[in-house]
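Below: the structure, in structure tokens.
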Amino acid sequence: MADRRPDGDGSRAKRQKIDMDPQANPYLAHMYEDSSNNGYGNGYANGYGSSSRPNGSPNGSSLSGFKRHASTMAQAHAAEDGPNNPFNGTPLSPRYFGILKTRRGLPVHAQRDEFLQMYQKTQILVFVGETGSGKTTQIPQFVLFDDLPHFQNKMVACTQPRRVAAMSVAQRVAQEMDVTLGEEVGYSIRFEDKTSQKTMLKYMTDGMLLREAMNDHNLQRYSTIILDEAHERTLATDILMGLLKEVAIRRPDLKIVIMSATLDAQKFQRYFNDAPLLAVPGRTHPVEIFYTPEPERDYVEAALRTVLQIHATEPEGDILLFLTGEEEIEDACRKISLEADEMIREADAGPLKVYPLYGTLPPAQQQRIFDPAPPPRTPDGRPGRKVIVSTNIAETSLTIDGIVYVVDPGFSKQKVYNPRIRVESLLVSPISKASAQQRAGRAGRTRPGKCFRLYTEAAFKKELIEQTYPEILRSNLASTVLELKKLGIDDLVHFDLMDPPAPETLIRALEELNYLACLDDDGELTALGRMASEFPLDPSLAVMLISSPEFYCSNEILSLTSLLSVPQVFVRPASARKRADEMKDLFAHPDGDHLTMLNVYHAFKSAAAQDNPKQWCHDHFQSYRALQQADNVRLQLKRIMERSEVELVSTPFEDKKYYENIRRALVAGFFMQVAKRDGSGKSYLTVKDNQNVLLHPSTVLGQDSEWVVYNEFVLTTKNYIRTVTAVKPEWLIDIAPTYYDLSTFQKGDMKASLLRVADKMRRKEALKGGSRK
DNA sequence: GAGCACTGC
């Protein structure tokens with residue numbers, strides 16, 4: 001039997017410190033009431049030596065009587081009861097037994113035997129557990145006792161859509177199993193691999209498992225793969241499901257558990273060839289639903305009215321209001337506070353505290369939502385209340401206890417993709433029934449609650465779709481198609497996805513990859529495509545990066561690529577717009593936003609700024625978080641470049657081509673995102689798609705640039721292109737001759753000027769040739 | 001003269 005040692009620290013992957021600490025993370029839906037997480041992580045790690053550990057053989061451990069895939073709940077219970085840890089032989093701590101008691105009271109525990117029997121009988125199993133059932137923490141442990149992966153030299157993997165979840169669940173389960181996090185139980189997320197030779201249960205992001213699959217098509221290192229939160233239907237989960245369906249045939253020994261929270265489980269069952277289903281009830285309190293009798297014309301106005309009404313008439317308990325975006329939320333918070341002050345003055349209402357909540361809010365401000373509600377103003381006064389006004393970040397990512405009232409106007413911002421003009425944009429759209437249910441459920445976490453839906457019951461029944469469309473139907477699939485090719489899936493059309501995307505979307509993606517020379521004319525992966533797939537980047541960014549040594553500026557393009565794959569670095573608070581803009585002007589480069597961002601990065605990395613980077617960012621209206629993230633991404637990309645032997649080179653800064661080389665390299669990746677000024681006005685026209693666009697007001701570029709590359713198409717009140725840099729048309733023809741094959745262009749001003757440019761280039765070339773003779 | 005829902009590698 002395989003021995004997994006040596007298990008010294010030397011063999012462990014190096015890991016980088018990042019700014020996420022599960023200890024400090026308040027969003028722990030899976031932490032039960034009794035859990036105290038202080039001081040964990042040390043204490044008993046030093047108590048035993050690894051040499052005395054039973055390892056590699058069940059003999060002598062409390063798992064010795066276990067027959068793989070034929071164990072019983074009684075056996076597992078006996079092993080769990082100790083006195084020694086069944087997985088590493090060390091004595092179990094008193095705290096372990098305390099947690100064990102809680103665990104055995106969880107709803108999933110009642111069906112442990114049933115789960116085991118089903119798990120043993122079938123290869124693929126669908127498990128439905130509502131919130132509070134304990135599925136995320138318990139099912140993987142049930143699996144461990146029966147699958148005994150460590151005796152096969154394999155692991156059990158459990159995927160999560162979000163990093164914080166993977167980290168914090170792993171930490172909780174390590175506690176439950178009385179092991180040190182990173183040893184028997186670990187996690188793996190981007191930038192951090194906290195696993196070791198001993199790891200038998202690994203929590204990870206779905207994207208991470210997908211990355212692994214690209215180099216290990218059969219996922220050989222796993223004996224069981226559990227996909228958790230499958231109902232969220234992230235792009236990665238959808239692709240993994242398609243892949244696992246195929247791997248299941250190639251690897252009959254692999255077991256697969258699909259865990260979902262919705263009643264839409266039949267869809268998963270059908271997809272996995274009528275896999276058996278096990279459903280476990282959750283543990284939540286009832287939530288009473290109220291609808292408006294008539295449709296509301298202005299949902300924000302109706303929402304404010306409802307919140308104030310609740311405050312005036314309903315008993316104690318906090319309120320959660322769902323709105324769609326930052327501006328709407330900040331605005332609503334102001335109005336609610338104003339009205340509430342008046343209610344307090346005139347009607348002796350209880351104090352009301354209002355908190356905004358959205359993803360781009362600084363962490364310290366996000367934390368404030370966990371502050372307790374304000375106390376009554378006088379000892380016998382009316383109780384205080386807090387209102388949280390949130391985007392749908394509070395629908396899945398984040399749980400706030402103490403919410404009793406939910407106000408749901410029925411809208412959220414959703415990504416939509418239009419393959420015709422190749423544009424992804426955010427649109428305020430009605431939510432789905434599943435979302436509405438999820439929102440309502442937020443009112444019943446601690447006690448019975450109420451949900452006020454600001455739409456009619458008829459609208460709920462007839463107008464809302466059942467489920468939000470999965471991400472795969474709402475995205476540009478260029479990078480997905482590249483991933484699938486790297487996964488060894490050649491026939492994309494027949495790849496069995498749960499919801500196949502529109503053929504037009506696939507064709508667009510293939511076309512884009514072909515122009516980028518990642519796929520050849522037969523749709524086969526090229527050497528460039530294979531290399532591009534190694535980078536966790538959009539194909540155009542990856543191609544730009546890989547091509548950049550040809551333009552003598554790969555160091556700079558590496559920095560720029562990192563900056564383009566993190567949130568906006570420029571901060572512009574509503575209270576200090578003018579000063580923020582002045583600061584931005586300090587970094588402005590006349591040729592465009594890309595170069596401006598690069599200037600910011602270089603300034604940030606200068607000795608003066610690094611002395612106190614946080615202060616520097618504050619003073620210069622830069623996002624410290626974004627710049628730090630960019631640094632982190634840069635390091636990761638740099639390692640991949642080194643591995644792929646992409647050279648790191650720079651043009652000397654004194655060289656007059658320093659900036660020009662960078663602009664040319666931009667064209668190598670973004671030649672499909674070019675616009676030309678339309679006549680003499682402000683309007684631009686995009687190449688080939690012929691979309692009328694305007695330069696985004698945030699640009700540093702003047703109106704005098706005839707040709708520009710842009711990073712992003714933003715569809716709001718108008719069509720904007722954002723992050724733009726001036727380029728020369730000769731570069732387009734020179735660097736991307738296939739895309740700029742003028743015979744493929746529609747007749748018009750664009751084609752005419754490109755033809756003139758091409759002519760000029762030919763004349764120049766001829767002259768050069770002539771002079772050489 | 002705008003405004004970035006949320007994730008992930």
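In the text below, chain A, chain B and the rest are named by the order of the sequence lines, each starting its count at 1.
Across dA5(B), dG8(B), dC9(B), the shortest atom-to-atom separation from the side chain of Arg190(A) is found for dC9(B). Among dC9(B), dA5(B), dG1(B), the nucleotide with an atom closest to any side-chain atom of Thr391(A) is dA5(B). Distance from the side chain of Lys413(A) is smallest to dA5(B) among dG1(B), dA5(B), dG8(B). Checking dT7(B), dA5(B), dC9(B) against every side-chain atom of Pro536(A), the shortest atom distance belongs to dC9(B).
Rounded to whole Å, the distance from CD on Glu232(A) to P on dA5(B) is 19 Å. Rounded to an integer number of Å, the gap from Ile189(A) CD1 to dT7(B) P is 13 Å. For the pair Glu534(A) CD and dC9(B) C1', the interatomic distance rounds to 12 Å; values are reported in whole Å. Distance, Gln636(A) CD to dG8(B) C1': 11 Å, rounded to whole Å. Protein atom CG of Asp206(A) is 8 Å distant from nucleotide atom P of dC9(B), rounded to whole Å. Atom CG in Asp228(A) sits roughly 15 Å away from atom C1' in dT7(B) (whole-Å rounding). Distance CG (Leu426(A)) to P (dC4(B)): 7 Å, rounded to an integer number of Å. Taking atom CZ on Arg634(A) and atom P on dC9(B), their separation rounds to 21 Å, with Å as the unit.
In this structure, OG in Ser432(A) is found 6.0 Å from CD in Gln467(A), a value given to the nearest 0.5 Å. Atom CG of Leu227(A) sits about 10.0 Å away from atom CD of Gln160(A), to the nearest 0.5 Å. Note that CG of Leu694(A) is 6.0 Å distant from OH of Tyr720(A), once rounded to the nearest 0.5 Å.
Here Arg577(A) lies in heavy-atom contact (under 4.0 Å) with a base. Within the nucleic acid shown, Thr234(A) has no heavy atom closer than 4.0 Å to any nucleic acid atom. Within the 4.0 angstrom heavy-atom criterion, only backbone atoms of the sugar-phosphate kind lie near Thr324(A); the bases stay farther away. No engagement by Phe535(A) is indicated, since no non-hydrogen atom pair under 4.0 Å with the nucleic acid exists. Residue Ile393(A) is classed as a sugar-phosphate contact, given heavy-atom separations below 4.0 Å to backbone atoms only. Using a 4.0 Å heavy-atom cutoff across all strands shown, Arg211(A) reaches at least one base atom of the nucleic acid. As judged by a 4.0 angstrom heavy-atom cut-off over every strand, Gln414(A) is placed among residues making no nucleic acid contact. Contact annotation for Lys718(A): backbone-only contact, meaning every heavy-atom pair under 4.0 Å involves sugar-phosphate atoms and none involves a base.
Between Thr205(A) and dC9(B), a side-chain N or O to OP1/OP2 separation shorter than 4.0 Å is present. In this model, the phosphate group of dG1(B) is approached by a side-chain N or O of Lys682(A) to a distance below 4.0 Å at OP1 or OP2.
Relative ring orientation between Tyr710(A) and Phe713(A) is described as perpendicular, the plane-to-plane angle rising above 60° on a 0-90° scale split at 30° and 60°.
Counting only N and O atoms by type, the side chains of Lys486(A) and Asn215(A) include a donor and acceptor under 3.5 Å apart.
Two residues are said to be in side-chain contact when any heavy atoms from C-beta on lie closer than 4.5 Å; Lys485(A) and Leu519(A) meet this criterion.
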